[in-house]
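The structure is given below, and queries will be raised subsequently.
Each chain gets a letter, A, B and so on, in the order its sequence line appears, and its residues count up from 1.
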Amino acid sequence: MNWHDDESYITVTGREPFRFEACLKWLKKRDKEIMYEVVGECVFILIPTEEGAVLSGIEGAYDGVKVTFPLTAPTEAGKAQIASFVNEWFDMDKDILPFYQLAAQDPVLKPLIPEFKGMRVVGIPDLFEALTWAIIGQQINLTFAYKVKRRFIEQYGEHIPFKGRRYWLFPRPERVAELDPAELRELQFSMRKAEYIIDIAKLIRDRKLSKEKLRNYTPATLKKELMSIRGVGNWSADYVRMKCFRQPDAFPVADVGLHNALKARLGRDRKPAVEEIMEMAAGWSGWEAYAVFYLWMSSG
DNA sequence: GGCCAGGCTAGCA
DNA sequence: TGCTAGCATGGC
């Protein structure tokens, strides 16, 4: 990771080609998201550090981003943690040139590259948040999923107000582990999802599950490990590998958003079957996550 | 009003 | 190993 301390702000540099403006397009598209707020060309988010949560404003810089601190300035150590979060959120260290090389040979992906060049898979660095969001999003439409997520965060998260808006920290596993499924039912979680999420919170609270433990697993082992968690199937495991562990070969092939994007790009009147998608994706090998993300971005 | 939604589990053959 | 009912409700 490459970052620099400029006293009142920090800069984090991405590996070329990196363009924050392209990532910002994605952030703006998720306008029902509650964990961050886009104001103009700047995204504000509460970033957890060991010295507490720090409200941070992130905007584009020459070959990376500039991060300012509108409320309280973090210490040197805090800045390092914030730089690390930002670097991870935007997958800034990844060398994505191989993806562009294979995309140039691919009829589906090729048209997307000029439009979104420099865009990274925008991630979910926190494992509990990534798993919870994957489970909330299963088999319900995204509009409703965002409503449920909002209720969950407003009920059990903490926030800091700034300029008439609230900036949230995702509910901590220790808090969620204490809940009764009935409490989440009131927020319109299904009973199953309530159980899954509370169980995962307990696993994390009891140190049986952590990002640090899983971080160095091979892709296949990580997927197997994630799928051993109740409520996490094929799609969710790949979604979390993609958004939290940044493994570019993660391929949530059953994803309805992917199906709809392909239908639109191919001009079909129905969604392609999974088998057909697998054939189409033969050339995406190793970069399926980026292919999926660029396709998500291209539609809807 | 009916089909679909960023699927998963458990039960069955 | 492969198939499917049931989940649970909102969105459009």
Sugar-phosphate only, base, or nothing, as touched by A/Lys243 at under 4.0 Å among non-hydrogen atoms: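 It contacts nothing in the nucleic acid.
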
Smallest separation among heavy atoms of A/Leu97 and A/Pro17, with atom names: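 In terms of heavy atoms, the two residues are closest at CD2-CD, 3.9 Å.
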
Distance, rounded to the nearest Å, where A/Phe144 contributes CZ and C/dC7 contributes C1':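 Answer to the nearest Å: 13 Å.
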
A/Glu186/A/Arg151 salt bridge by N-O under 4.0 Å criterion: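 The answer is no: the pair does not qualify as a salt bridge.
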
Stretch residues 278-295 of chain A: residues that reach within less than 4.0 Å of DNA chain B through a heavy atom: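 Contacting residues: none.
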
Side chain of A/Thr143 (C-beta onward), nearest among B/dA5, C/dT9, C/dG11: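 Per side-chain heavy atoms of A/Thr143, the pick is C/dG11.
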
Enclosure of A/Glu212 CD (heavy-atom neighbours >12, cutoff 6.0 Å):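 Yes, enclosed.
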
Whether over 12 other heavy atoms sit under 6.0 Å from A/Lys117 NZ: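 Not buried by this count: 12 neighbours or fewer within 6.0 Å.
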
Nearest-angstrom distance from the residue atom CG of A/Leu142 to C1' of B/dG7: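 Rounded to the whole Å, the gap is 13 Å.
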
Rounded distance in Å - NZ (A/Lys223) to C1' (B/dG7):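 To the nearest whole Å, that distance equals 13 Å.
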
A/Glu158 with A/Arg175: basic N within carboxylate O range, under 4.0 Å: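 Salt bridge between A/Glu158 and A/Arg175, a charged N being under 4.0 Å from a carboxylate O: no.
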
Check: A/Trp133 ring centroid to A/Phe170 ring centroid under 6.0 Å: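 Centroid separation for A/Trp133 and A/Phe170: 6.0 Å or greater.
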
A/Lys271 side chain near B/dA5 phosphate (N/O to OP1/OP2, under 4.0 Å):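 A/Lys271 to B/dA5 OP1/OP2: side-chain N or O found under 4.0 Å.
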
Check ion pair A/Glu37-A/Arg166 (N to O, under 4.0 angstrom):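 Salt bridge flag = no for A/Arg166 with A/Glu37.
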
Exercise: identify the closest heavy-atom pair between A/Ile229 and A/Leu203: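 Closest heavy-atom pair between A/Ile229 and A/Leu203: CG2-CD1, 4.4 Å.
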
A/Asn141 CG to B/dG2 C1', straight-line distance once rounded to whole Å: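 Computing the A/Asn141:CG to B/dG2:C1' distance gives 15 Å.
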
Integer-rounded Å distance: B/dC3 C1' and A/Asn260 CG: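 These atoms are roughly 13 Å apart.
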
Nucleotide forming a Watson-Crick or wobble pair with C/dA8, both distances under 3.5 Å: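 The answer is none; no pair meets the criterion.
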
Pairwise P distance for B/dG1 and C/dA8, with rounding to whole Å: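 It works out to 23 Å between them.
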
Between C/dG10 (P) and A/Ile140 (CD1): distance, integer Å: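 About 10 Å, once rounded to whole Å.
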
Face-on cation placement of A/Lys79 at A/Trp3 ring, 6.0 Å and 45° thresholds: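 No; the conditions do not both hold, so A/Lys79 does not lie above the ring face of A/Trp3.
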
Base versus backbone protein contacts along nucleotides 8-13 of chain B [heavy-atom cut-off under 4.0 Å; B, S, -]: SSS---

Path from A/Ile124 to A/Phe44 over hydrophobic side-chain contacts below 4.5 Å: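 Shared cluster, no.
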
Length of the line joining A/Met191:CE and C/dG6:P, which is rounded to integer Å: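 The answer, rounded to whole Å, is 19 Å.
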
Short side-chain N/O contact from A/Arg185 to OP1 or OP2 of C/dT9, under 4.0 Å: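 It does, given that an N or O in the side chain of A/Arg185 lies less than 4.0 Å from OP1 or OP2 of C/dT9.
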
Nucleotide C/dC7, atom C1' - distance to CD1 of A/Ile197 in whole Å: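 The distance from CD1 of A/Ile197 to C1' of C/dC7 comes to 15 Å, rounded to the nearest Å.
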
5' precedence on DNA chain C between A/Lys147 and A/Gln139 (nearest-nucleotide basis):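 Closer to the 5' end of DNA chain C: A/Gln139.
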
